[in-house]
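The shown structure was predicted, so the numbers you read here are calculated from the model rather than taken from an experiment. All chains are named by letter (A, B, ...) in the order of the sequence lines, taking the proteins before the strands, and each is independently numbered beginning at 1.
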Number of protein chains: 2
Amino acid sequence: MTTVLIADDQPLQRFGFRMLLESQDDMTVLDEAANGTEAVRKAADLRPDVVLMDVRMPGMDGIEATRRITASGDRTRVLILTTFDLDEYAYAGLRAGASGFLVKDAQPEDLLSGIRAVASGDAVVSPGLTRRLLDAYVHHLPAGTPEATAPDPRLAALTERELEILTVLGKGWTNTEIATRLHLAESTVKTHVGRVLAKTGSRDRVQAVICAYETGLVQP
Amino acid sequence: MTTVLIADDQPLQRFGFRMLLESQDDMTVLDEAANGTEAVRKAADLRPDVVLMDVRMPGMDGIEATRRITASGDRTRVLILTTFDLDEYAYAGLRAGASGFLVKDAQPEDLLSGIRAVASGDAVVSPGLTRRLLDAYVHHLPAGTPEATAPDPRLAALTERELEILTVLGKGWTNTEIATRLHLAESTVKTHVGRVLAKTGSRDRVQAVICAYETGLVQP
DNA sequence: GCCACGGTAGTACCGGGGTACCACGGCCTC
DNA sequence: GAGGCCGTGGTACCCCGGTACTACCGTGGC
């Protein structure tokens, strides 16, 4: 069950969100807040999974409230909602620690799936902003990916496929899961896993996962 | 009306996508392709608004096909679909010019709204990847993220002994090793491990180790 | 006194994981 | 064409890991 705190200065807006969220089996609205100060206090009090945060509010605004909530150390995630997808708001909100940024004219389903994604630790931003973020990101990293090609000697002997297998081992997948999701026979998976263990000097998949973390192939 | 070309080597998968898309009033499937070469040819021929592109295909893969399609100068956008969100695929695909990257286990509505977003020039990536992109992006900005993670709630329920067990699980120890090195009976170790798994929501010790890394209990 | 909780330990059972081996097609390089 | 590497698949076997119970003993709180 995902618990939500709604922070918005417009009662009618809050009502709409509450109706939408309460119609879902897996969501419940803990409380509402009409400004940033109230949002920070109630977030600390109720420890909701997600705070639905409006940007423009009297007194403390949503950005500052987001900063304080994410700085508190609680697990609470903030999803910022605004009427316009002005970049200044978005970037400021994301730098303040928000897990997402959606425009209010999004489809209800988008809002719901956004809340679910944020609650599970993922991030969500509206498509228009994604485009701009992506451009900025690709522009910032012209050549390679963060971990372009593994420099760690322990992974040097691994083939592409074996690196792939090691990566999904790092996700905690079982052999049968790997088989179905990669469209392979389980015997093939076992062969690959066996070779990964041999080449990385791991006794079992647990040590292989540790190896994956230590080499930076997968990251927490 | 958004025109779409479906590129996937699995006929059943293509059929599913076609059924879903054709059920929408504003979409039409121009044609299908079973590999990258075919996708490039048909994209140049039919000039679809969007190409739904699978990554893994025999012959030319989806990444290379994406590169050629976006390099052609046509207005055609490419939305990459894959079974799992391995970063290598995502980054490679996005660098190849794709406008989006979604995992196949996404909700049908997410796929549809993704196609519409891409067709209108926006970009879409799956929530999990958004998180990582965002982290990388924010990390590149002057103002850092206040990611001060206090003791993770997933570990809150664990007793001292159980934290100890989880820590040595993170070292890759087997049950018998834990037993001898901590001077316990193996049955006791099993009891502890079982409780750790239950409390951390892990299916097996592999997932528990991942949890240990993600919570920062053990570090690479 | 009693109860809850944490740590310890036991038994029984079964499924998945890991090993050892073999095999075949595709691709590359001599 | 021969050989090697890689990815794929198969069979057979054994053991560890995980589950589902139950049980006892301290300690601390009411």
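The residue among T176(A) and E160(B) whose nearest nucleotide of DNA chain C is located toward the 5' end is E160(B).
In this structure, the side chains of P48(A) and V4(A) stay at 4.5 Å or more apart for every pair of heavy atoms. The shortest distance between side-chain heavy atoms of L21(B) and L112(B) falls below 4.5 Å. You'll find the side chain of L20(B) stays beyond 4.5 Å of the side chain of M27(B), heavy atoms only.
The distance from atom CG of L158(A) to atom P of dG7(D) is 10 Å, rounded to the nearest whole Å. Whole-Å rounding puts the W173(A) CH2 to dG17(C) P distance at 14 Å. Rounded to an integer number of Å, the gap from R195(B) CZ to dG17(D) P is 18 Å. Going from atom CD1 of I178(A) over to atom C1' of dT8(D) covers 15 Å, rounded to whole Å. Put simply, CD on Q207(A) is 14 Å from C1' on dG17(C), counting in whole angstrom units. Rounded to a whole Å, the CZ atom of R205(B) is 9 Å from the C1' atom of dG18(D).
For residues 183-193 of chain B, proximity to DNA chain C is found at L184(B), A185(B), S187(B), T188(B), T191(B), H192(B), defined as any non-hydrogen atom under 4.0 angstrom from a strand atom.
Just one of V78(A), V50(A), T2(A) meets the side chain to side chain contact (heavy atoms under 4.5 Å, CB included) condition when paired with V118(A); it is V50(A).
What you find for L81(B) and D54(B) is that their closest heavy atoms are O-OD1, 3.2 Å.
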task = Could you give me the CA-CA distance, side-chain angles and deciding distance for D49(A) and R77(A), then say whether salt bridge (Lys or Arg N to Asp or Glu O under 4.0 Å) is met?
result = CA-CA 6 Å; D49(A) 296 319; R77(A) 319 266 186 181; over 6 Å; no
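Relative to the side chain of L197(A), the nucleotides dG18(C), dG17(C), dT8(D) differ in distance, and dG18(C) lies closest.
Regarding contacts with the backbone of dG18(D), every side-chain N or O of R203(B) stays at 4.0 angstrom or more from both OP1 and OP2. Applying the 4.0 Å criterion to OP1 and OP2 of dG17(D), one finds that N175(B) has a side-chain N or O inside that range. For R161(A) and dT8(D), the shortest distance from a side-chain N or O to OP1 or OP2 is below 4.0 Å.
Salt bridge E164(B)/R161(B): present, at least one basic N to carboxylate O contact under 4.0 Å.
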